[in-house]
Amino acid sequence: FDDLKTQLIDGALERTALSEPLPNNRGEFFRRLEDTRGRLSLIAQDLARTMADIVGKGAQITKKLNAYKNQKPLLEDVNNQLTRLFPKNFIIDIPSKSFSNYPRYLEAISWRLEKYRDSPESDMEKMRNIQKLEVPFLRKLAELKGQKDPRVEEFRWLLEELRVSLFAQKLRTPMPLSIKRLQKIWDTIKY
C-alpha cells in the first residue's frame, strides 16, 4: 500500500505542480505554486476515488477470469490488455484524461467476460479484428524504443475505446469507432 500511496501523491504532483509547460521564470514559478496549493488535494482525492473504483472493478475481473481457465486465447488477450493498462507507475505515467477512463475500460472487460459464454465465436472474431490493429501498433512502439510519438500515444487510447465499442457498446465511447476507421487513422501514422 505504501507504493500505491506514493504513486497517488506523485500522480497528483505530476498533474498539478509538474504539468507542462513548466515555469520558466520566478513569476511563473510562484503562480504555479499558488495554483498547485489550491488544486493538489482535490486532484489527489480524485485520483484516490478513481483508484478505489479501479481496484473494485479489477477484483471483479479477477473473479470472472477464474471461470475461463480453459479459454487460452481469451485469457491471453485480457491479460495482455491489463498488462498494457497497468505498467509500473501507471498512476504517474498515464495521462489524466486516459486514467479517468480506466473504470470504464475495466467495466468493458467485465462485460466481455459476462457475454463470452453466450457467443465465444463472436468474441474471438472481435478479438482477431482488434489484433489486426494492435500487432502493427505494438511493432511501432518497439521501433520507437521508448521515444514518445503523440500520434502513436493517441492511437493506443483509440484501441482501448475500440475495445469498449466492440465488447461493451452500452458503455459508449466519446466518438463513433470502428475497425475501418481506426485502420484509416493507423495508415496515416505508420509512416
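Bear in mind the structure is a predicted one, so any value in this text is a computation, not a measurement.
Residues passing the salt bridge (Lys or Arg N to Asp or Glu O under 4.0 Å) test with Asp53 are Lys57, sequence neighbours excluded. Taking Arg39 as the reference, Asp35 meet the salt bridge (Lys or Arg N to Asp or Glu O under 4.0 Å) condition, with sequence neighbours excluded.
The environment of Asn66 atom CG is dense: over 12 non-hydrogen atoms of other residues, nucleotides or ligands sit within 6.0 angstrom. Within 6.0 Å of the CD atom in Glu153, the count of heavy atoms belonging to other residues, nucleotides or ligands exceeds 12. Atom CZ of Arg128 sits in a crowded spot, with more than 12 heavy atoms from other residues, nucleotides or ligands closer than 6.0 Å. Atom CH2 of Trp157 is surrounded by more than 12 heavy atoms from other residues, nucleotides or ligands within 6.0 Å.
Between Asp123 and Lys115 there is no salt bridge, since no side-chain N of the basic residue sits under 4.0 Å from a carboxylate O of the acidic one. Comment: Arg139 does not engage Glu143 in a salt bridge, judged by the lack of any side-chain N to carboxylate O separation of less than 4.0 angstrom. Between Arg156 and Glu160 a salt bridge is recorded (basic side-chain N to carboxylate O distance below 4.0 Å). Of the charged side-chain nitrogens involved, none lies within less than 4.0 Å of a carboxylate oxygen, so that Lys97 and Glu154 do not count as a salt-bridged pair. Taking a cutoff of 4.0 Å between a charged side-chain nitrogen and a carboxylate oxygen, Glu107 and Arg104 do not qualify as a salt bridge.
Between Phe155 and Phe137, the ring planes are tilted. Angles from 30° to 60° get that label. Aromatic ring orientation, Tyr105 versus Tyr102: tilted (interplanar angle from 30° to 60°).
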I'd like to know whether Arg15 forms a salt bridge (Lys or Arg N to Asp or Glu O under 4.0 Å) with Asp46, so could you lay out the CA-CA distance, the side-chain angles of the two residues, the decisive distance to 0.1 Å, and finally the verdict. CA-CA 11 Å; Arg15 287 162 173 81; Asp46 186 49; over 6 Å; no
One pair to check against side-chain hydrogen bond (donor to acceptor under 3.5 Å, both in side chains): Asp187 and Gln183. What are the steps and the verdict? CA-CA 6 Å; Asp187 289 342; Gln183 184 61 59; 2.9 Å; yes
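Residues Gln7 and Asp10 are not in side-chain contact: their nearest non-hydrogen atoms beyond the backbone lie 4.5 Å or more apart. For the pair Leu162/Asn129, no side-chain contact is recorded, criterion being any heavy-atom separation below 4.5 Å from C-beta on. The side-chain heavy atoms of Pro23 and Arg31, taken from C-beta on, include no pair separated by under 4.5 Å. Using a 4.5 Å cut-off on side-chain heavy atoms (C-beta onward), Asp149 and Leu141 make no contact. Inter-residue side-chain proximity for Leu113 and Leu74 is flagged as met; some heavy-atom pair is nearer than 4.5 Å.
Residue Leu22 shares its hydrophobic cluster (ILVMFWY side chains chained together at separations under 4.5 Å) with no other residue.
Taking hydrophobic clusters as Ile, Leu, Val, Met, Phe, Trp and Tyr residues chained together by side-chain heavy-atom distances below 4.5 Å, Leu42 does not share a cluster with Met51. Both Val164 and Leu82 belong to a common hydrophobic cluster when Ile, Leu, Val, Met, Phe, Trp and Tyr are linked at side-chain heavy-atom distances under 4.5 angstrom.
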